[in-house]
Asks: 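Structure in structure tokens, see below.
What you are looking at is a predicted structure, and each value in this text was computed from that prediction instead of being measured.
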Amino acid sequence: METIFDWYIKERVILQRPVGELTLDMVQQNNDRIIKMLDKGRPLVHVVVDARQITKLPTNLLKMSNATSFLNHPSLGWVVTVSGNSMINFLGSMLPQIGTLRRYRVFADLNRTVTFLKDQDATLDWQIAKHELIT
């Protein structure tokens, strides 16, 4: 399993794209990397998780919640997941209920995600976005 990380908009929007089977260890490693990026970013920093290429993921909500401490980071803005997978959508809908995450949405495609972020945060500079990351 690999995870691609990059700034979609430097210091403001993180793009995370996990590919393949996602284990709890990988979730923790991804969490640690996101925290480092949030520490370097300029608040509010939004996270886009393109989960369309995940083939398997952990289903223990408590362990998943414990492995995603970035969700409580003070610089965190919106977390937006892109997925058509019903299990990922279900787990994503549970996150706000078991933690403090309130700014969370799931969309079926990246275009809706970008439109949503544009509507939510007018301070984002879309002229410097790495659009090639989402095509």
Asks: Only counting residues at least two apart or in another chain, list the ones meeting side-chain hydrogen bond (donor to acceptor under 3.5 Å, both in side chains) with Thr113.
Replies: none
Asks: Could you pull out all residues at least two apart from Asp6 that satisfy side chain to side chain contact (heavy atoms under 4.5 Å, CB included)?
Replies: Lys130, Leu133
Asks: Measure from the ring center of Tyr8 to the ring center of His131 and say whether it is less than 6.0 Å.
Replies: yes
Asks: With a 4.5 Å heavy-atom cut-off, do Ile4 and Gln16 have their side chains touching?
Replies: no
Asks: Are Leu44 and Leu124 linked, directly or through intermediate hydrophobic residues, by side-chain heavy-atom contacts shorter than 4.5 Å (ILVMFWY only)?
Replies: no
Asks: Find the distance between NZ (Lys40) and CD1 (Ile14) and round it off to the nearest 0.5 Å.
Replies: 11.0 Å
Asks: Could you list the residues that satisfy salt bridge (charged side-chain N to carboxylate O under 4.0 Å, His left out) with Asp109, not counting sequence neighbours?
Replies: Arg112
Asks: Does Arg105 reach the side chain of Val79, with side-chain heavy atoms less than 4.5 Å apart?
Replies: no
Asks: Not counting sequence neighbours, which residues clear side-chain hydrogen bond (donor to acceptor under 3.5 Å, both in side chains) with Gln28? List them please.
Replies: Asp32
Asks: Evaluate the side-chain contact (heavy atoms from CB on, under 4.5 Å) criterion for residues Val48 and His46: first the C-alpha distance (whole Å), next the side-chain angles of each, then the deciding distance (0.1 Å), finally the verdict.
Replies: CA-CA 7 Å; Val48 175; His46 310 290; 5.7 Å; no
Asks: Looking at side-chain heavy atoms only, is the closest gap between Val19 and Thr3 below 4.5 Å?
Replies: no
Asks: Does Thr23 reach the main-chain N or O of Met26 with its side chain, forming a donor-acceptor pair under 3.5 Å?
Replies: yes
Asks: Report, one line per pair, each donor and acceptor closer than 3.5 Å where one atom sits in a side chain of residues 52-63; sequence neighbours left out.
Replies:
unit_1	atom_1	unit_2	atom_2	d
Arg52	NE	Asp50	OD1	2.8
Arg52	NH2	Asp50	OD2	2.9
Thr55	OG1	Gly20	O	3.3
Thr55	OG1	Glu21	N	3.2
Asn60	OD1	Leu62	N	3.1
Asn60	OD1	Lys63	N	2.9

Asks: Run the side chain to side chain contact (heavy atoms under 4.5 Å, CB included) test against Ser69 and tell me which residues pass, sequence neighbours left out.
Replies: Asn31, Ile35
Asks: Apply side-chain hydrogen bond (donor to acceptor under 3.5 Å, both in side chains) to Thr123 and list each qualifying residue two or more places apart in sequence or on a separate chain.
Replies: Arg12, Asp121
Asks: Considering the options Thr81, Leu76, Val80, which one meets the side-chain contact (heavy atoms from CB on, under 4.5 Å) requirement together with Val47?
Replies: Leu76
Asks: For Asp125, check side chain to side chain contact (heavy atoms under 4.5 Å, CB included) against everything at least two apart and list the hits.
Replies: Gln127, Ile128
Asks: Quick one: ring-ring contact (aromatic ring centres under 6.0 Å, His included) partners of Phe116, sequence neighbours excluded?
Replies: Trp78, Phe107
Asks: With Asn111, which residues qualify under side-chain hydrogen bond (donor to acceptor under 3.5 Å, both in side chains), at least two apart?
Replies: none
Asks: Mind checking side chain to side chain contact (heavy atoms under 4.5 Å, CB included) for Lys118 and listing every partner two or more places apart, or none if nothing turns up?
Replies: Val114, Trp126
Asks: State plainly whether one hydrophobic cluster holds both Leu38 and Phe5, where clusters connect Ile, Leu, Val, Met, Phe, Trp and Tyr through side-chain heavy atoms under 4.5 angstrom apart.
Replies: yes
